[in-house]
Amino acid sequence: MDTLIYTRELRSLGIDVFFEKENIHSTESSGELMLTLMAAFAESESETMSENIKWGKRRRYEQGITGSISLNNMYGFRQSKGIVTVVEDEAELVRRIYKDFIDGYSYGEIAERLTAEGVPTRMPGASWAKTTVQHIIRNEKYCGDCLFQKAYIESPITHRHVRNNGELPKYLVEDCLPAIVDKETWKLAQAVAARHTPHKQASNERYPFTGKLFCGVCGKPYCYYHYTTTNKQPLAAYRCMSRKTQSAVEVPGQTYTSPRKATFNRNASPELIAYRERYCKLPKERPMLCTDVRIPTDLPQKAFCRAWNLIVAKKLRYQATLRSTVDNAEDILVRYRAEEMCLLIDEIGKLAEFSYPLMLKTLDRVVVNTNGKLTFIFQSGIKITV
C-alpha cells in the first residue's frame, strides 16, 4: 500500500516510475490498474503470512515452549545464546526493592533512595526512575514465570503494537526462568501494588499522612492546606479536599459558627477587639460542612503514637485478634500484615516519638471524624479511635 501511495503522489507531480521487472509505467492507465492489483495481492500475502506466524507462536505458548523469551536487558538477568543466568549482586538489589515496596515505600521513594546511594543502573549515566522500579515490581519474570502476549501487533500493515487488555488470550508459563524472588513475595508485592491509586499523591517523610487522611462525611481525601491570619501569620492544617471543588457535604444534625476575626489575631490589641465586638457583625450560625473540620499538621503523628501505644498496652487482646486474622483472612496481604503486626507489637513496644517506617508497614488509612477525633484503620483490620 505504501508503494501505491507514493507512486500516485509522484504521478501527480508528473514523475513516472518504471517497474523494470513487471514492465509497468506508473503514468499509464494500465499501469495504475496493474499496480493496484499487485498491491492487493501483496497485502493479502502479508496478512496470510502474519496470521501463520501468530498461529505458530500461540501454539508454542500453549505448549509452554519458551525458547522465544527475550529479557530485553532486564536488571538482574543475563542472556547468552538462549541461556538465562542470574547476576547475583543485581538480584540482591531486586530483592531489596521488593522488600522496601512491601514495607510501604512508594515507587518514587525507592528510586530516590537508590539514586541518593549512587546505585548504578544498567544504562551508564542513567538514574533510577519510579517507572523503572514499577517495572521491576510488576514483572512476573522475577518470580520465574513468563506471561506471553501482553501486547500484540494490531495490523501487519501498520505494525503498531497494542497492549492486550483482554482482546486476545494470554499464556502464563510457570517456572521457566531462574527466580530472583519467591512466589509468595511476588504475590505480596502485587497485592500492595493493587492498593496504589493512579495519580494519587504518595506520602513521604516530610508529609507522612499525605494520601492517608480521609473525610468521615464525604469520603474524599484531606489535603495539606496553607493559610494566613489577618496579621499575616502563616499557618497550615489538613482540610477536606471538597473545599477546592466546592462540593462540601453537610454534617447531619450539627451547626457551625465561624469564629470572629479578632480571634485570628494572636496579638490583637484590646482596642481592636473592643471595636470589632461593637461594630462587626456577628457570624451567623449555619449547617456544619465537612470542610469546617481542620486538623493541625502535627496531630496525626501524635494520634498515631497514642493509637499504637493503646494497642501495645492491650497487646494480649489485640494479638489474639491478629492471630485469628492470620488463620481466617482470605486476603494474602491482610494475613501478612496481621502476622507482621503481631511481631512488631513485641519488638517495638510503646512509641516515644512518631515512626514513619512503622506507619508505612502497618497503617492503611485514617478517617477524620466531625468531632476532630481520628480513626486509625490498620492494614491488619484493627481500628482505633483517638
Would you call [X] and [Y] a side-chain contact if the rule is heavy atoms closer than 4.5 Å?
{"X": "Met341", "Y": "Ile382", "answer": "yes"}
{"X": "Gln134", "Y": "Lys130", "answer": "no"}
{"X": "Cys146", "Y": "Glu174", "answer": "no"}
{"X": "Tyr222", "Y": "Met241", "answer": "no"}
{"X": "Arg96", "Y": "Leu93", "answer": "yes"}
{"X": "Arg113", "Y": "Asp100", "answer": "yes"}
{"X": "Asn139", "Y": "Tyr75", "answer": "no"}
{"X": "Thr375", "Y": "Ile384", "answer": "no"}

Check whether any side-chain N or O of [X] sits under 3.5 Å from a backbone N or O of [Y] as a donor-acceptor pair, and report yes or no.
{"X": "Ser247", "Y": "Arg243", "answer": "no"}
{"X": "Asp292", "Y": "Leu289", "answer": "yes"}
{"X": "Ser355", "Y": "Leu351", "answer": "no"}
{"X": "Thr132", "Y": "Trp128", "answer": "no"}
{"X": "Gln190", "Y": "Trp186", "answer": "yes"}
{"X": "Ser80", "Y": "Ile83", "answer": "no"}
{"X": "Arg239", "Y": "Thr291", "answer": "yes"}

Hey, is [atom1] on [X] packed in by over 12 heavy atoms from elsewhere, all under 6.0 Å?
{"X": "Glu88", "atom1": "CD", "value": "yes"}
{"X": "Glu117", "atom1": "CD", "value": "yes"}
{"X": "Lys373", "atom1": "NZ", "value": "no"}
{"X": "Lys183", "atom1": "NZ", "value": "yes"}
{"X": "Gln301", "atom1": "CD", "value": "yes"}
{"X": "Glu330", "atom1": "CD", "value": "no"}

Pair [X] + [Y], salt bridge at N-O below 4.0 Å:
{"X": "Glu92", "Y": "Arg95", "result": "yes"}
{"X": "Lys302", "Y": "Asp298", "result": "yes"}
{"X": "Glu90", "Y": "Arg78", "result": "yes"}

Spatial distance of atom [atom1] ([X]) from atom [atom2] ([Y]) [nearest 0.5 Å]:
{"X": "Glu112", "Y": "Ser127", "atom1": "CD", "atom2": "OG", "value": "10.5 Å"}
{"X": "Glu340", "Y": "Leu344", "atom1": "CD", "atom2": "CG", "value": "5.0 Å"}
{"X": "Tyr256", "Y": "Arg286", "atom1": "OH", "atom2": "CZ", "value": "6.5 Å"}
{"X": "Leu177", "Y": "Lys141", "atom1": "CG", "atom2": "NZ", "value": "7.5 Å"}
{"X": "Ser380", "Y": "Tyr318", "atom1": "OG", "atom2": "OH", "value": "10.5 Å"}
{"X": "Leu363", "Y": "Arg337", "atom1": "CG", "atom2": "CZ", "value": "11.0 Å"}

Nearest atoms (heavy-atom pairs only) where [X] meets [Y]:
{"X": "Gly216", "Y": "Val367", "value": "CA-CG1, 3.5 Å"}
{"X": "Thr121", "Y": "Ala126", "value": "OG1-O, 3.3 Å"}
{"X": "Cys342", "Y": "Gln319", "value": "O-NE2, 3.2 Å"}
{"X": "Ala237", "Y": "Arg294", "value": "CB-CB, 4.3 Å"}
{"X": "Ile295", "Y": "Gly372", "value": "CD1-O, 4.0 Å"}
{"X": "Tyr356", "Y": "Asn204", "value": "OH-CA, 3.2 Å"}

Query raised in the report: What about Phe101 and Tyr107, are their ring centers closer than 6.0 Å?
Result: yes

**Report entry** Proximity of Phe354 and Trp308 rings by center, below 6.0 Å
**Finding:** no

Requested in this report: Please list, chain by chain and in numerical order, all residues satisfying salt bridge (Lys or Arg N to Asp or Glu O under 4.0 Å) with Glu205, sequence neighbours excluded.
Outcome: none

Hydrophobic cluster membership, [X] vs [Y], 4.5 Å side-chain cutoff:
{"X": "Val334", "Y": "Ile311", "result": "no"}
{"X": "Val386", "Y": "Leu213", "result": "yes"}
{"X": "Val87", "Y": "Ile97", "result": "no"}
{"X": "Ile348", "Y": "Leu310", "result": "yes"}
{"X": "Ile180", "Y": "Val119", "result": "yes"}

Requested in this report: Using the side-chain contact (heavy atoms from CB on, under 4.5 Å) rule, take Leu172 and Asp145 through it: C-alpha gap first, then chi angles, then the decisive distance, then the call.
Outcome: CA-CA 7 Å; Leu172 178 65; Asp145 299 342; 3.9 Å; yes

Query raised in the report: Would you say the side-chain atoms of Thr385 and Asn369 include a donor-acceptor pair closer than 3.5 Å?
Result: no

Query raised in the report: Side chains of Gln379 and Thr362: is there a donor and an acceptor less than 3.5 Å apart?
Result: no

Report task. Given side-chain hydrogen bond (donor to acceptor under 3.5 Å, both in side chains), test Thr185 with Lys99 step by step and report yes or no. Result -> CA-CA 8 Å; Thr185 300; Lys99 181 182 182 304; over 6 Å; no

**Report entry** Lys383 vs Asp364, salt bridge (Lys or Arg N to Asp or Glu O under 4.0 Å): CA-CA, chis, key distance, verdict
**Finding:** CA-CA 10 Å; Lys383 296 182 181 180; Asp364 180 21; over 6 Å; no

Query raised in the report: Where does the angle between the aromatic ring planes of Phe304 and Phe378 fall among parallel (under 30°), tilted (30 to 60°) and perpendicular (over 60°)?
Result: tilted

Query - From CA spacing to verdict: side-chain contact (heavy atoms from CB on, under 4.5 Å), Val312, Asp346 - result: CA-CA 8 Å; Val312 174; Asp346 288 327; over 6 Å; no

Query raised in the report: Hey, which of Tyr207, Phe214, Tyr224 is the one that makes ring-ring contact (aromatic ring centres under 6.0 Å, His included) with Tyr238?
Result: Tyr224

Report task. Begin from the C-alpha positions of Ile377 and Val366 and carry the test side-chain contact (heavy atoms from CB on, under 4.5 Å) through to its verdict. Result -> CA-CA 6 Å; Ile377 302 175; Val366 183; over 6 Å; no

Requested in this report: Could you give me the CA-CA distance, side-chain angles and deciding distance for Leu322 and Glu339, then say whether side-chain contact (heavy atoms from CB on, under 4.5 Å) is met?
Outcome: CA-CA 7 Å; Leu322 291 169; Glu339 185 175 8; over 6 Å; no

